[in-house]
Amino acid sequence: RQNSLNDTLLSDSNIYTSTGGVINLIATGNINIGSNINPNAYISVNGVNGGVINIVSTNGAVNHYGVIDAVGKLGSGGQIIVAGAISTNVIGGMVAADGLSQGGLIGVGIINTNGSGSILAPPATAPPVMVNFINNAANSLSGFISANTELNAGTTMSVNAGKSNSNTQAGQVYIAGNLSLNTSASINANADNGGLILSSSPAGTYQNSGYIQTNGGSGLGGTVAQSGLISTILSGGTIEAMGSLGGGNIVIGRDFHSSPLAGSASQAASLPSLANVVTLPTSKLTIIASGVALNSSAIALGNGGNILV
């Protein structure tokens with residue numbers, strides 16, 4: 001399985017001299033990348049810098065079982081968008097937009113919003129029917145969020161960058177399900193400096209029992225933010241935003257940057273902007289189970305980070 005995991009670049013054995021290309025897979029019906037029986041489907045735009053992959057169903061579901069890579073073996077990771085209007089399901093699938101110097105961007109259940117806009121362009125030689133379809137699809141996807149999104153326990157995602165003591169920067173992961181978002185996946189945004197992992201159900205429920213990590217190996221920890229309007233439930237798992245020179249941020253149940261609680265203003269002011277891509281709502285109910293581990297420690301020097309609930 002040609003993907004990049006555990007802070008290493010193992011995408012493939014090729015030597016690249018150019019940036020990865022663009023793959024647009026767009027349909028009105030369901031899209032299946034592999035299956036439970038055959039999960040070996042593989043889509044790749046690896047290169048010196050990673051390319052762009054958009055897998056979008058405008059009226060159906062996207063079910064991903066295989067491997068999707070946009071790895072930058074000498075530079076920056078690419079961009080991967082996976083979204084279905086009815087549902088987006090990643091079932092034991094792998095998604096990697098790692099880079100040597102900088103991690104890329106992964107959007108699951110969300111497309112074509114500020115900061116994660118996709119490249120939906122037909123080939124120059126495409127027939128008029130295809131050109132019209134793609135142009136109409138691009139125009140209709142503004143603010144596109146899947147109704148329901150699920151990432152199961154066999155799923156892994158990464159926007160890592162190399163750890164080289166040269167100030168490498170991890171990438172960004174945005175995951176959204178408007179009515180429900182459930183994840184048990186392993187999601188990583190690690191580098192010299194951690195990245196950003198944001199999970200949101202703007203109008204519904206959010207539940208996590210997976211492993212989420214955005215650590216800074218020789219710099220600062222990143223930011224993990226997660227919330228659902230009706231409820232935010234951490235039923236298990238581990239969330240880390242540690243950094244060698246200072247801890248990062250773990251934000252649960254509220255966009256503290258734009259709407260801090262009394263007593264949290266100074267910590268909230270240090271947060272990055274969290275609403276550029278998708279709304280992070282204030283939950284009506286937030287539950288953190290007893291077995292959940294939250295860690296935003298400074299590993300070697302500096303101050304610990306923020307955990308805001």
Identify the heavy atoms of [X] and [Y] that sit nearest to each other, and give their distance.
X: Val45; Y: Val52; answer: CG2-N, 3.6 Å
X: Gly248; Y: Ser296; answer: O-CB, 3.7 Å
X: Ala203; Y: Ile230; answer: O-CD1, 3.8 Å
X: Ala189; Y: Ala170; answer: O-CB, 3.2 Å
X: Ala176; Y: Ile110; answer: CB-CB, 4.2 Å
X: Ser235; Y: Ala289; answer: O-CB, 3.8 Å

Does the [X] side chain pair with the main chain of [Y], one donor and one acceptor, at a distance under 3.5 Å?
X: His64; Y: Ile55; value: no
X: Thr183; Y: Ala185; value: yes
X: Ser227; Y: Pro281; value: yes
X: Ser244; Y: Gly219; value: no
X: Thr214; Y: Gly195; value: yes
X: Asn32; Y: Gly34; value: no
X: Asn178; Y: Ala147; value: no
X: Asn193; Y: Leu220; value: yes

[X] versus [Y]: any side-chain heavy-atom pair under 4.5 Å?
X: Ser199; Y: Tyr206; result: yes
X: Leu261; Y: Arg254; result: yes
X: Gln79; Y: Ile106; result: no
X: Ile252; Y: Leu294; result: yes
X: Val309; Y: Thr286; result: yes
X: Leu105; Y: Tyr174; result: yes
X: Thr149; Y: Leu151; result: yes
X: Gln207; Y: Leu181; result: no

Spacing of [atom1] belonging to [X] relative to [atom2] belonging to [Y], to within rounding of 0.5 Å:
X: Asn152; Y: Tyr65; atom1: CG; atom2: OH; value: 9.5 Å
X: Asp98; Y: Met157; atom1: CG; atom2: CE; value: 12.5 Å
X: Leu25; Y: Ile33; atom1: CG; atom2: CD1; value: 5.5 Å
X: Leu308; Y: Leu271; atom1: CG; atom2: CG; value: 6.0 Å

side-chain hydrogen bond (donor to acceptor under 3.5 Å, both in side chains) assessment of Asn24 paired with Asn54: CA-CA 5 Å; Asn24 291 318; Asn54 296 300; 2.8 Å; yes
Only distances under 3.5 Å count here; give the side-chain donor-acceptor pairs of residues 81-92 to other protein atoms, sequence neighbours excluded, each with its distance to 0.1 Å.
unit_1: Ser87; atom_1: OG; unit_2: Asn89; atom_2: ND2; d: 3.2
unit_1: Thr88; atom_1: OG1; unit_2: Gly84; atom_2: N; d: 2.8
unit_1: Thr88; atom_1: OG1; unit_2: Ser146; atom_2: OG; d: 2.6
unit_1: Asn89; atom_1: ND2; unit_2: Asn63; atom_2: OD1; d: 2.9

Members other than [X] in its cluster, when Ile, Leu, Val, Met, Phe, Trp, Tyr link by side-chain heavy atoms under 4.5 Å?
X: Ile233; value: Leu285, Ile287
X: Ile299; value: Met242
X: Leu229; value: none

Tell me whether [Y] is reachable from [X] by hopping between hydrophobic residues (I, L, V, M, F, W, Y) whose side-chain heavy atoms are closer than 4.5 Å.
X: Leu179; Y: Ile175; result: no
X: Ile43; Y: Val173; result: yes
X: Leu234; Y: Tyr211; result: no
X: Ile23; Y: Val62; result: yes

side-chain hydrogen bond (donor to acceptor under 3.5 Å, both in side chains) partners for [X], two or more places apart:
X: Ser209; value: Ser184
X: Asn59; value: none
X: Ser101; value: none
X: Thr232; value: Ser283

Partner of Glu240 by side-chain hydrogen bond (donor to acceptor under 3.5 Å, both in side chains), out of Asn190, Asn215, Asn295, Asn188: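 By the side-chain hydrogen bond (donor to acceptor under 3.5 Å, both in side chains) criterion, Glu240 pairs with just one of Asn190, Asn215, Asn295, Asn188: Asn215.
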Distance-only donor-acceptor check, side chains Asn306 and Asn249, under 3.5 Å: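 Side-chain D/A pair, Asn306 to Asn249: present.
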side-chain contact (heavy atoms from CB on, under 4.5 Å) involving [X] - partner list, sequence neighbours excluded:
X: Gln102; result: Ser76, Gln169
X: Pro260; result: Ser264, Ala268
X: Ala225; result: Leu198, Val251, Leu274, Leu280
X: Ser35; result: Ile37, Asn38

Asn303 atom CG, over 12 foreign heavy atoms within 6.0 Å: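 Not more than 12 within 6.0 Å, no.
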